[in-house]
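To start, the structure itself, in structure tokens.
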Amino acid sequence: MRELSPDHNIKLKENLAGRFPNAGFKVEENRGIVVIEASRSSLIELMKHLKEDAGCSFNVLMDLTAVDYLDKRKSEERFEVVYMLFSSTSLHRVRIKVKAGDGDDVPSLVSIWKGANWPEREVFDFFGIKFSGHPLMERLIMPDEFRGYPLRKDFPLEGQGEDYLIESILIPDKTKI
Amino acid sequence: MGLDSMQGDSFVTTKLSALVGWARQYSLWPFPFATACCGIEYMSVLSSDFDLARFGAERPSFSPRQADLLIVLGTLTYKMAPVLWKVYHSMSEPKWVMSVGACASSGGMFRSYSVLQGIDRIIPVDIYIPGCPPRPEAILDALIKLQQRVKKESIKDPRYRGRADALDEIFSGYESGNLVQK
């Protein structure tokens, strides 16, 4: 069984500092995983480097999701898109976070990982964050005519009354719950 | 009775409704509409330990055209609701509906933006089964109770109990060959 090299995180931080000396990434370590806070404009460049550079080779996009920090971080932007990368050669992982406000576009990663296609649509479906450069920025899971973004923290917990989706087939006297 | 005494044991006289009711009772062809874990429980009802076939519901029909009994097993989302509705209206009369488990009957624990709070909001239901999921015995019990009811029904009873205007809509859809989901 292959082992994780103990100084990998230090090497990764040095690698990033060498490649992006003026980018101003906020790099920290959380439970053995390097967490990089990038800006939306530098995301594509950073991701390409992490995937293709021999010192990084994070070739797998494990997950792509978002968090809504409504009212938790008043001074900052509301959403945070989170990317989890994994290297199948060194077995290390890295996490990248990008902040986005309501209505902001985040660059799509479909040009780098084709597997980013559906996760980005899912994030759009549930949070309403648009990804620029995505080939088909439409809802993935919820019905196309659904109103609102249900995983936003200001979306009502029990829904806002979704009977409009099936209005033509409802039995009239049963419409009130 | 006149005929009986003339023909001996070769004839039985009865009412047509009673005869048809008896035949319908023991030849319910179920259509399992399984969307969640209740469907797994239903597999056990079909297999040899519980064996739904003992009650005449021998053949699970995977075409609504050849089914009499729509068994809805599991959570129904708003996105899936038009599919169930279409399946129900594709079945020919006479037809009955069994709602299995808490989700199908009332939405269950999913009081959320995506789940329909009970299938009786879109189609008429004949019998509800409580449980999450119900035991196979409960499903068998419901089938037997439904059989008692089917037996008593007259062939003159009005069968359609849904929305007549909605029925027109689906038929106009079939005529134009356009079955786009609403």
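FYI, side chains are in, hydrogens and waters are out, and symmetry mates aren't considered; it's all heavy atoms of this structure. Just so we're on the same page: letters track the sequence lines, and every chain starts at 1. This one's a predicted model, so the numbers in the text were calculated from it and none came from an experiment.
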A:Glu162 CD to B:Ser114 OG distance, which is reported to the nearest 0.5 Å: 8.0 Å

Which atoms of B:Leu116 approach chain A - backbone, side chain, both or neither, heavy atom under 4.5 Å: side chain

4.5 Å side-chain heavy-atom contact, B:Tyr113 and A:Phe146: yes

same_hphob_cluster(B:Ile144, B:Ile139) at 4.5 Å side-chain heavy-atom cutoff: yes

Heavy atoms of other groups near A:Lys51 NZ, more than 12 under 6.0 Å: yes

Straight-line distance of A:Ile169 CD1 to B:Lys86 NZ, nearest 0.5 Å: 9.0 Å

A:Lys130 atom NZ, neighbour heavy-atom count above 12 within 6.0 Å: no

Atom CD of A:Gln160: over 12 foreign heavy atoms under 6.0 Å: yes

Exceeds 12 heavy-atom contacts within 6.0 angstrom, atom CE of A:Met137: yes

B:Trp85 side chain reached by A:Leu170 side chain, heavy atoms, under 4.5 Å: no

A:Trp118 CH2: over 12 foreign heavy atoms closer than 6.0 Å: no

Option that, when pairs with chain B are counted at under 4.5 Å, heavy atom only, ranks first among A:Pro150, A:Gly161, A:Pro156, A:Gly159: A:Pro150

Inter-residue atom distance B:Arg121.CZ - A:Ile166.CD1, 0.5 Å rounding: 6.0 Å

Shortest non-hydrogen separation from B:Lys79 to A:Met142 and the atoms involved: NZ-O, 4.1 Å

